[in-house]
Amino acid sequence: MATAAEWIEGARPRTLPNAIAPVLAGTGAAASIDGAVWWKAILALLVSLALIVGVNYANDYSDGIRGTDDVRVGPLRLVGSKLASPTAVRTAAVASLAIGAVAGLVLAATTAWWLVLIGALCLAGAWFYTGGSKPYGYSGFGEIAVFVFFGLIAVLGTQYVQALRVDWVGLLLAIGVGAFSSAVLVANNLRDIPTDTESGKVTLAVKLGDARTRTLHMVLLAAPFVISLALMARTPWALAGLLALPLAIRANAPVRTGKGGLELIPALRDSGLALLAWSALSALAVGLG
């Protein structure tokens, strides 16, 4: 039976910046048009955290029962390592997604009921990433989904529930956050190319191959800093986002130097840290600027 520490590791805490960053960015975008509502920001954070933990457990369950995680070079997987039963991990996934759904319903009830449809789309995206008979994560659409769900929808949704509208600042922040979030997944899938190829999991990294996946990671990490320059049209303080550049350079170092396997794990961690730093700095800049 898995210990509490192993359940926490199974929730993949290194991915939590992907949940926190869009709420920071969306709240900063709302503040930039004088629309920040802090209790709604907290609820949005709960939704985002619950969804990412839920999707992580759902992936653990789905990949585990398919045998995709039987041989891994990365962090712990509960089902693949047989530390927890598939039923227990599936229950944890459903419970996490349910928490996110309840918090999302409160936001919808106090904002606009059509947001329930967006929430339902997010729940379906979380489950069918690796679940169901034809998971889209096995067909190379994972990075696109991350960009849409943890970039565009999460950032603009956070801005909308607070300010009741979105603007170009929110859109640019959403693109930046989506690029960073996709970079985290690209690093993960780059590491897993050999095992994913063997198990038949056709990720974007498997389709592109090793060299082009490494180039993609660099492009995705560079994009938010171009956006920082564009955000100067709102406030010159947007240049504060460039302070996260050293973290992005460090995140890309194992990728551009040809590292593989366990040596790529720092790329995941540092891509997430760069995402969090850029989002916090950019949100503060546009919110106060």
Side-chain angles (χ1 to χ4, degrees), residues 2 6-23 43-66 68-69 72 74-80 84 86-105 107 118-155 157-158 177-178 180-189 191-192 196 201 203-205 268-269 271-272 275-276:
E6 287 166 339
W7 275 104
I8 291 171
E9 187 176 353
R12 310 182 195 181
R14 288 189 181 90
T15 65
L16 294 186
N18 295 63
I20 298 169
V23 178
L43 267 182
L45 180 60
L46 177 59
V47 171
S48 191
L49 287 170
L51 286 181
I52 202 163
V53 171
V55 75
N56 286 341
Y57 281 138
N59 291 349
D60 192 307
Y61 164 76
S62 298
D63 284 344
I65 62 174
R66 283 188 171 87
T68 307
D69 285 342
R72 285 192 56 79
L76 173 75
R77 294 296 181 262
L78 293 165
V79 177
T87 300
V89 176
R90 183 181 61 194
T91 300
V94 171
S96 298
L97 294 175
I99 291 170
V102 171
L105 283 173
L107 280 174
I118 302 298
L121 178 64
C122 291
L123 290 173
W127 186 260
F128 291 108
Y129 173 53
T130 55
S133 59
K134 294 183 178 180
Y136 63 85
Y138 279 48
S139 301
F141 296 107
E143 285 79 2
I144 295 173
V146 165
F147 182 85
V148 171
F149 289 117
F150 287 99
L152 300 182
I153 291 178
V155 175
T158 298
V177 169
F180 264 128
S181 293
S182 296
V184 175
L185 184 57
V186 166
N188 179 80
N189 289 343
R191 181 199 65 206
D192 292 343
D196 284 344
K201 184 176 182 180
T203 63
L204 181 60
L268 277 75
R269 178 199 64 207
S271 294
L275 159 64
L276 194 57

Worksheet, complete the sentence: Residues passing the ring pair (Phe, Tyr, Trp, His ring centres under 6.0 Å) test with Phe141, sequence neighbours excluded, are none
Worksheet entry | Val148 side chain near Ile153 side chain, heavy-atom distance below 4.5 Å | yes
Item to complete: Would you sort out whether Phe180 and Val146 count as a side chain to side chain contact (heavy atoms under 4.5 Å, CB included), showing the intermediate values?
Response: CA-CA 10 Å; Phe180 264 128; Val146 165; over 6 Å; no
Worksheet item: Which residues pass the side chain to side chain contact (heavy atoms under 4.5 Å, CB included) test with Leu49, sequence neighbours left out?
Response: Leu16, Ala19, Ile20, Leu45
Practice prompt. List in chain and number order the residues that pass side chain to side chain contact (heavy atoms under 4.5 Å, CB included) with Val155, two or more places apart in sequence or in another chain; answer none if no residue qualifies.
Written response: Pro22, Ala25, Leu173, Ala174, Val177
Item to complete: Would you please test Asn18 and Val184 for side chain to side chain contact (heavy atoms under 4.5 Å, CB included) and show each step?
Response: CA-CA 8 Å; Asn18 295 63; Val184 175; 4.1 Å; yes
Fill in: Salt-bridge present (Lys201, Asp192; N to O < 4.0 Å)
no
Worksheet, complete the sentence: Correct closest heavy-atom pair for Ala103 and Leu43 would be CB-CD2, 4.0 Å
Practice prompt. Specify the closest pair of heavy atoms between Val23 and Ser48, including all atoms of both residues, with the distance to one decimal.
Written response: CG2-CB, 4.0 Å
Fill in: ring pair (Phe, Tyr, Trp, His ring centres under 6.0 Å) partners of Tyr129, counting only residues at least two apart
Tyr136
Worksheet item: Got a sec, which residues hit ring pair (Phe, Tyr, Trp, His ring centres under 6.0 Å) with Phe149, two or more places apart in sequence or on another chain?
Response: none
Fill in: Criterion side chain to side chain contact (heavy atoms under 4.5 Å, CB included) on Arg77 and Arg12, from CA distance to verdict
CA-CA 9 Å; Arg77 294 296 181 262; Arg12 310 182 195 181; 3.1 Å; yes
Practice prompt. Please name all residues satisfying side chain to side chain contact (heavy atoms under 4.5 Å, CB included) with Ala11, sequence neighbours left out, ordered by chain then number.
Written response: Val53, Tyr57
Fill in: Residue pair Gly137 / Thr203: nearest heavy atoms and the distance that separates them
O-CG2, 4.0 Å
Discussion item. Please find the pair of heavy atoms, one from Asp60 and one from Leu78, that lie closest to each other, and give the distance.
Written reply: OD2-N, 2.7 Å
Worksheet item: Hey, what do you get for CG (Asp196) to CG (Leu204), rounding to the nearest 0.5 Å?
Response: 11.5 Å
Fill in: Whether Ser182 side chain and Gly178 backbone form a donor-acceptor pair below 3.5 Å
yes
Item to complete: List for me each residue that meets side chain to side chain contact (heavy atoms under 4.5 Å, CB included) alongside Ala101, sequence neighbours excluded, and say none if there are none.
Response: Leu123
Discussion item. Can you list everything that forms a side-chain hydrogen bond (donor to acceptor under 3.5 Å, both in side chains) with Thr158? Sequence neighbours excluded, please.
Written reply: none
Discussion item. Minimum heavy-atom separation for Gly140 and Glu143, please, with both atom names.
Written reply: O-OE1, 4.3 Å
Fill in: Set of residues satisfying side-chain hydrogen bond (donor to acceptor under 3.5 Å, both in side chains) with respect to Thr15, sequence neighbours excluded
Asn56
Response to the item:
In short, Pro86 meets Tyr61 closest at the heavy-atom pair O-CD1, 3.2 Å
Discussion item. Phe150 vs Ile52, test: side chain to side chain contact (heavy atoms under 4.5 Å, CB included). Steps then yes/no.
Written reply: CA-CA 9 Å; Phe150 287 99; Ile52 202 163; 4.0 Å; yes
